[in-house]
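Here is the naming used below: chain letters follow the sequence lines, and residue numbers restart at 1 for every chain.
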Amino acid sequence: MKLSKFFVPTQKEVPSDAFAASHILSIRAGLFRLLTSGVYSVLPLGVIVKNKVEKIIREEMNAIGGNEFLLPALSPNELWNETGRLDDFGDIIFRIKNRELVLAPTHEEVFTSIAKPYINSYKNLPQMWYQIQTKFRNEARPKSGVLRGRQFTMKDAYSFDSTWEGLDASYELQDKAYRNIFKRCGLKFFSVSASSGAMGGTRSEEFMVESDAGEDLIALSEDGKYASNIEVAESFVETVARKNSNLKYEELHTPAIKSIDELAGFLGITDKSHLAKSRVFVIPAKSENEKDKYLLALVCGDDEVNETKLMKYYGANIRPGHPEELLEITGADAGSIGPIGLKNNNVEIVADFRLQDADELISGANKNDYHIKNIDFKRDVPGIKYNDLRVVKEGEYTKDKSSKLRVAKAIEIGHIFKLGTKYSESLHATFLDKDGRENPIIMGSYGIGIERIIASHIEQNHDGNGIIWEGEIAPFKLILINITPQNEEITKFCETLYDELSAANIDVLYDDREDLRPGFKFKDADLIGIPVHVIVGEKNFKNNQIEIKIRKSGERIIIDKNDIRGKINELVNA
RNA sequence: CGGGAUGUGGCGCAGUUGGUAGCGCACCUCGCUUGGGACGAGGGGGCCGCUGGUUCGAGUCCAGUCAUCCCGACCA
């Protein structure tokens, strides 16, 4: 590709609304351009990188028996109602105003609807289906460039099996393929166990790239053996010691005390573990005949309630109570709520394992400006249940006490799920087994965000001068920079070299632009991050020499012009 | 959805008590320069987000509205 004919609008100004390195550099290097919030046009250089990522994905998907599909973005509301997900997704799903259609945020329903008429026998199974296609999600707050957009490209794959062992095998195949894909994309990544959220299913794993631009928090053990999304991470923690003092509980006047910190300050204590923090949650009624259920969750004052864990135990639609509801349910506002004296006596009370059978606890009195001390959960809170409800913290030990945890930010680049039969059951996609019995097809689903791979690669591979592409997804292997296009001899040499390299199928970008000073070309080459720069200018050429610069290390190699082809081959194949 | 902020040439920004809309970069022409985003001279380009109001007069004041960004909530 000749740069004189290649549309790459580089800019030296930093976009005023960009903060993440990948966002700034992908705009400055001319990969993407914002159209409207969360929606990006992919420019020619971006298309080249995207195509390279997609090529890798296709190769790895095909290698595990994948069949490539291309499904529509539009799909009928009816289909989404059959699985109940039109409601489950809520505002995240884009709805078409003048037809009963949605812009699909994912494709379990459509793939299953195709499997339904064709997959009727165990003899048709297993199947591995995938596509690379545009997804639409009405994100409340897009951010960080293409890292969270309202429209993005996803590789989504779906496995169909007749047995649970088959699902395990399909899942393993995808897991392996994902590792190959991310490795070939030049990413340093790891996988973490994760919550399957509204997707449903039994098990899921996320593939993560550690980055400050990430939105997920992950807990990692120092020995590298444990990695988990903070939403499901567990750690070893001592329970709050029971003192068996059998002190009678009594009310404390705590004027204007709202937070645990204020309470600790007011009482003059530093150990917050005996201050039981209360959070009220609502489990919305599933039908009109039922009533909403209420839940009071208690954790130690120095802990936070992990809402994902809570949802796992009590259902996916659980939500924090609104301020008016708190008053209605408990009799007090947030800050004065506790397990004793609740206004509504149908509130289920659940506490974190750390508080199991603890006594001498202090918690809200369900009366504004009052707390109660010497609460004994065993004695005073009959029917209390215990669960793991807390968010793990940096510095805690793993459950087996073998290693310490640290907490880091990460970008989710892929997610694999063992779905089970959720979709096949609701859409009646069944097959007959050997014994002629009808069974729902057992499914898995597997997603990769294409733009997130590109952004993550930039996050991990850049410096103050720009992007530093590595491995297979570099848009070009090398850039040939003609510093003096007005010098006919040099230009002729460059043209010949360019033609030869192109003929040899080496991805080469030729900076043949006229009327640009050398510094400008060097800056552009660094910014768009081509790994190898071949610099041809009068200074070296008059000595029959050519300079090669390695983008990553900054290393410069001066080489005889007759040896250039060999050196390029060596560098490009390295 | 709650809180905060910002909308002025392609990009980054200034614009005072209301009085002819400016600067840097980019762009065009000429000259000069050519190994790390040169320099000089000249030039083109603006429903000042939109709607309404106050005023002799609004980029500036008021009201509404839309958009964008940040924090939070939410998030297969």
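- B:G52 and B:A58 have their P atoms separated by 13 Å, given to the nearest Å.
- Distances from the side chain of A:E307 to the nucleotides B:C71, B:C74, B:C69 place B:C74 closest.
- OP1 and OP2 of B:A73 both lie 4.0 Å or more from every side-chain N or O belonging to A:R319.
- Among B:C71, B:U34, B:G35, the nucleotide with an atom closest to any side-chain atom of A:E547 is B:G35.
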Where does RNA chain B pair, written as one dot-bracket string 5' to 3', with Watson-Crick or G-U pairs under 3.5 Å, ( ) inside the strand, [ ] for crossing pairs and | for another strand? (((((((..((((.....[..)))).(((((.......))))).....(((((..]....))))))))))))....
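- A:L516 places its CG atom 15 Å from the P atom of B:C39, with the value rounded to the nearest Å.
- Using C1' as the reference atom, B:G44 and B:C62 are 37 Å apart when rounded to the nearest Å.
- A:K409 has its NZ atom 12 Å from the C1' atom of B:C71, to the nearest Å.
- Taking atom CZ of A:R141 as the reference point, atom P of B:G4 lies 15 Å away to the nearest angstrom.
- Scanning atom types as modelled, one donor and one acceptor separated by under 3.5 angstrom connect the side chain of A:R556 and the base of B:G36.
- Taking the P atoms as reference points, B:C61 lies 16 Å from B:U8, given to the whole Å.
- With A:K277 as reference, A:V299 is the one residue of A:L298, A:D303, A:V299, A:I337 to meet the side chain to side chain contact (heavy atoms under 4.5 Å, CB included) rule.
- Neither OP1 nor OP2 of B:U34 sits under 4.0 Å from any side-chain N or O of A:T484.
- A distance-only check finds a donor-acceptor pair linking the side chain of A:D463 to the backbone of A:G466 [under 3.5 Å].
- For A:Q174 (side chain) and A:Y171 (main-chain N/O), no donor-acceptor pair under 3.5 Å exists by modelled atom type.
- Between the side chains of A:K135 and A:H107, a donor-acceptor pair is found at a separation under 3.5 Å.
- The separation between A:N138 atom CG and B:C74 atom P is 17 Å, rounded to whole Å.
- Separating the C1' atom of B:C47 from that of B:A21 is a span of 14 Å, rounded to the nearest Å.
- The side chain of A:S16 contributes no N or O atom lying less than 4.0 Å from OP1 or OP2 of B:C11.
- With the nearest nucleotide of RNA chain B identified for both A:F522 and A:R150, A:F522 has the one nearer the 5' end.
- In this structure, A:R551 atom CZ and B:G36 atom C1' are separated by 12 Å, rounded to whole Å.
- Atom name C1', nucleotides B:G49 and B:U68: the rounded distance is 10 Å, in whole Å.
- Rounded to whole Å, the P atom of B:G64 lies 32 Å from the corresponding atom of B:G46.
- Of the candidate nucleotides B:G37, B:U68, B:U34, B:G37 has the atom lying nearest to any side-chain atom of A:K523.
- Residue A:R517 places its side chain closer to B:U34 than to any other of B:G35, B:U68, B:U34.
- Nucleotides B:A73 and B:G2 are separated by 8 Å at their C1' atoms, to the nearest Å.
- With hydrogens and angles left out, the side chain of A:R28 and the base of B:G37 share a donor-acceptor pair within 3.5 Å.
- Checking B:G35, B:G36, B:C69 against the side-chain heavy atoms of A:F19 singles out B:C69 as nearest.
- Enclosure of atom CD in A:E78 is not indicated, since only 12 or fewer non-hydrogen atoms of other residues, nucleotides or ligands lie within 6.0 angstrom.
- At a threshold of 4.0 angstrom between heavy atoms, the contacts of A:L527 include nucleobase atoms, whether or not backbone atoms are also involved.
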Report the C-alpha separation of A:Y158 and A:Y130 in whole Å, then their side-chain angles, then the decisive distance to 0.1 Å, and conclude whether the ring-ring contact (aromatic ring centres under 6.0 Å, His included) test is met. CA-CA 6 Å; A:Y158 304 83; A:Y130 79 98; over 10 Å; no
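- With distances taken from any side-chain atom of A:F520 to the nucleotides B:U68, B:G37, B:A73, the minimum falls on B:G37.
- Residue-environment remark: CZ (A:R319) exceeds the threshold of 12 foreign heavy atoms within 6.0 Å.
- Listed for the A:R150 side chain is no donor-acceptor partner under 3.5 Å among the backbone atoms of A:V39.
- Across B:G24, B:C70, B:U68, the shortest atom-to-atom separation from the side chain of A:E13 is found for B:G24.
- Within the 4.0 angstrom heavy-atom criterion, base atoms lie near A:D524.
- Comparing atom distances between the A:K143 side chain and each of B:C74, B:C71, B:U34 picks out B:C71 as nearest.
- When the nearest nucleotides of RNA chain B are assigned to A:E538 and A:P105 by heavy-atom distance, the more 5′-ward of the two goes with A:E538.
- Within a 6.0 Å sphere centred on CD of A:E394, other residues, nucleotides and ligands contribute more than 12 heavy atoms.
- The CG-P distance, from A:D463 to B:G36, rounds to 18 Å in whole Å.
- At a threshold of 4.0 angstrom between heavy atoms, the contacts of A:E412 with the nucleic acid are absent.
- Nucleotides B:C11 and B:C56 have their P atoms positioned 37 Å apart, rounded to a whole Å.
- Rounding to whole angstrom units, NZ of residue A:K542 and C1' of B:G35 are separated by 11 Å.
- Listed for the A:H23 side chain is no donor-acceptor partner under 3.5 Å among the backbone atoms of A:A20.
- Nucleotide B:U34 holds its C1' atom 13 Å from the NZ atom of A:K539, rounded to whole Å.
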